[in-house]
Amino acid sequence: MNTLSDSWTAWQPLPSTRGLSAAVLAETLDGGQAFRWHAQTDGVYQGAWSNHVARLRATRDGVAWSAPAALAPATSAALADYFVTRTDWRALADTLPWRSDAHLAACLAAFPGLRLLRQPFGETLLGFLCSATKQIVQIKQMVALLATRHGAPILPSSAAAAFHRLPTWPELAAVPETELRACLLGFRARYISATAKFLAAHPGWLEETEAAPYALAKARLCTLPGVGEKVADCVLLFGAGRLEAFPVDVWILKTMAARYGLVDWGSAQVAHFGRTHFGPLAGLAQQYLFAYERAAARRAA
DNA sequence: GCACCACCTAA
DNA sequence: TAGGTGGTG
């Protein structure tokens, strides 16, 4: 993992991340939005997206980044997009209805500066197709295997070849389902295989979906095998910047029951409540609620 | 529309 | 048991 350490750039500040704590950085990178960031020693996170590789860590001034020297020129701009540094996330969170929602206010206070990443659309779809009834650690394991076994090296000239990009959908279409199962995908292998074949047969479909209005984009995603409402909303929230997407998983169901009294409500009802109660940035509220509830569960354990 | 269950595998 | 989906009754 550290064979390339000598050729990494010096740490540089990432714009618009002033005051972002190590805990919030960890929650952002490793809290269920993305599955390719791995904690190193000393609070450093190392990760890859598209054909980029970076290390991130919290400093007293904000987040600092480093990249393999050969890739660093491209990383700077790519990281700004990925981390959505042009958005003032604190100001955005301040527009959420926390003044009339004490629980939401507590969530905002617990994770100041929490943000939504803008990940590559296709990669986000792949990650969340792996996510059904799996914990983050296991999803990360599957995704790592997919990358090392079926994705191209990001640094082709390097002997280490330590970093691989995720396989593209056309590449996945060529991988036999049995080999996908060998990446610990289980029954998800069938979904990924079928989705890959569909996407390979329909060039441009994914790009059109990413560009479509939220409701249409979600409806299109839901036609893919293995993609239901929850996965579609995750893909749109974490891979397309659609902050109105409000994914409802078991954690949100739990939160809404415990904190909002919505006991025994179904996913569809909770989704409707979330959109109307939290408004056009419901997805951002969801991420705060989600982070808060998981932290509370860890404390209780 | 809603409740149930199979689908894989690893911790 | 786990951060779902799809098929069935």
Side-chain angles (χ1 to χ4, degrees), chain A residues 26-38 107 111 114 116-117 119 123-146 149 172 175-199 218-239 245-259 262-274 282-301:
Chain A
E27 183 64 31
T28 303
L29 298 176
D30 205 13
Q33 297 190 48
F35 304 112
R36 298 207 67 196
W37 291 93
H38 299 272
C107 296
F111 295 91
L114 187 66
L116 270 350
L117 300 171
Q119 302 174 72
E123 293 189 359
T124 314
L125 174 60
L126 179 57
F128 282 93
L129 270 172
C130 295
S131 71
T133 65
K134 284 293 177 190
Q135 303 198 341
I136 295 171
V137 254
Q138 298 171 293
I139 301 167
K140 285 169 73 170
Q141 212 176 139
M142 301 178 193
V143 166
L145 283 170
L146 282 171
R149 294 185 183 177
L172 283 167
V175 177
E177 193 181 314
T178 52
E179 286 190 38
L180 294 180
R181 283 183 185 263
C183 295
L184 311 181
L185 293 182
F187 63 82
R188 301 154 199 83
R190 185 163 43 87
Y191 295 150
I192 290 171
S193 200
T195 289
K197 290 193 168 81
F198 173 87
L199 293 177
K218 181 171 175 179
R220 284 170 64 106
L221 284 173
C222 285
T223 66
L224 295 173
V227 179
E229 300 236 346
K230 191 272 180 183
V231 168
D233 273 331
C234 285
V235 173
L236 290 168
L237 186 58
F238 307 133
F246 189 80
V248 177
D249 55 33
V250 298
W251 286 98
I252 292 301
L253 243 24
K254 224 179 287 184
T255 292
M256 289 312 203
R259 319 278 182 184
L262 310 187
V263 180
D264 289 332
W265 283 40
S267 300
Q269 286 74 35
V270 166
H272 181 259
F273 174 89
L284 182 58
Q286 180 270 359
Q287 203 57 26
Y288 275 102
L289 296 171
F290 182 81
Y292 187 96
E293 206 59 37
R294 287 181 65 238
R298 282 197 296 272
R299 279 196 299 275

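Lettering follows sequence order; numbering is per chain, from 1.
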>> Distance check needed: B:dT9 P versus A:Gln138 CD, whole Å only.
In response: 12 Å

> Whole-Å distance between C:dG3 C1' and A:Gln141 CD?
Replying inline: 16 Å

>> Categorize A:Gly32 for me: base, sugar-phosphate, or nothing, with a 4.0 angstrom heavy-atom threshold over every strand shown.
In response: base

> Which comes earlier along DNA chain C counting from the 5' end, the contact point of A:Cys222 or that of A:Ser131, where each point is its nearest nucleotide?
Replying inline: A:Ser131

> Using atom P of each nucleotide, how far apart are B:dA10 and C:dG6 to the nearest Å?
Replying inline: 23 Å

> Between A:Thr255 and A:Glu293, does any side-chain donor sit less than 3.5 Å from a side-chain acceptor?
Replying inline: yes

> CZ of A:Phe246 to CD of A:Gln287: how many Å apart, nearest 0.5 Å?
Replying inline: 11.0 Å

> Hey, does the side-chain of A:Lys134 have a donor or acceptor N/O within less than 3.5 Å of a partner on the base of B:dT9?
Replying inline: yes

> With a 4.0 Å cut-off on heavy atoms, is A:Leu253 in touch with a base, just the backbone sugar-phosphate, or nothing at all?
Replying inline: nothing

>> Work out how far the P atom of C:dT5 is from that of B:dA11, and round it to whole angstrom.
In response: 24 Å

> Which whole-number value in Å describes the distance from A:Phe128 CZ to C:dT5 P?
Replying inline: 11 Å

> Which value, rounded to the nearest 0.5 Å, describes the distance between A:Cys183 atom SG and A:Leu146 atom CG?
Replying inline: 4.5 Å

> What does A:Pro247 touch in the nucleic acid at a heavy-atom separation under 4.0 angstrom: a base, only the sugar-phosphate, or nothing?
Replying inline: nothing

> Rounded to whole angstrom units, what separation is found between the CD1 atom of A:Ile136 and the P atom of C:dG4?
Replying inline: 12 Å

>> Can you work out whether A:Ala232 or A:Gln135 has the more 5'-proximal nearest nucleotide on DNA chain C?
In response: A:Gln135

> Any ion pair linking A:Arg36 and A:Glu123 (charged N to carboxylate O, less than 4.0 Å)?
Replying inline: no

>> Among A:Phe238, A:Phe128, A:Phe290, which residue satisfies the side-chain contact (heavy atoms from CB on, under 4.5 Å) criterion with A:Gln33?
In response: A:Phe238

> Within this structure, what is the CG-to-C1' distance between A:Asp249 and C:dG3, rounded to whole angstrom?
Replying inline: 5 Å

>> Can you measure A:Leu224 atom CG to C:dT5 atom P for me and round it to whole angstrom units?
In response: 12 Å

> Heavy atoms under 4.0 Å, any strand shown: does A:Val137 hit a base, just sugar-phosphate, or nothing?
Replying inline: nothing

> Does A:Arg294 place a side-chain N or O at less than 4.0 Å from the phosphate oxygens OP1/OP2 of C:dG3?
Replying inline: no

> With a 4.0 Å cut-off on heavy atoms, is A:Arg181 in touch with a base, just the backbone sugar-phosphate, or nothing at all?
Replying inline: sugar-phosphate

>> Is it true that A:Arg188 and A:Thr133 share a donor-acceptor pair across their side chains at a distance under 3.5 Å?
In response: yes

> Which is true for A:Gly31 with a 4.0 Å heavy-atom rule: it touches a base, it touches only sugar-phosphate, or it touches nothing?
Replying inline: base

> Does B:dC8 have a Watson-Crick or wobble partner in any strand here, with both distances under 3.5 angstrom, and which is it?
Replying inline: none

> Choosing from B:dA11, C:dG4, B:dC8, which nucleotide comes nearest the side chain of A:Arg190?
Replying inline: B:dC8

> Ring stacking, A:Phe187 with base of B:dC7, under 5.5 Å and under 30°?
Replying inline: yes

>> How many whole angstroms separate atom CG of A:Asp233 from atom P of C:dG4?
In response: 13 Å

> Which listed nucleotide (B:dC8, C:dG4, B:dT9) is nearest to the side chain of A:Arg188?
Replying inline: B:dC8

> Which whole-number value in Å describes the distance from A:Met142 CE to C:dG4 P?
Replying inline: 12 Å

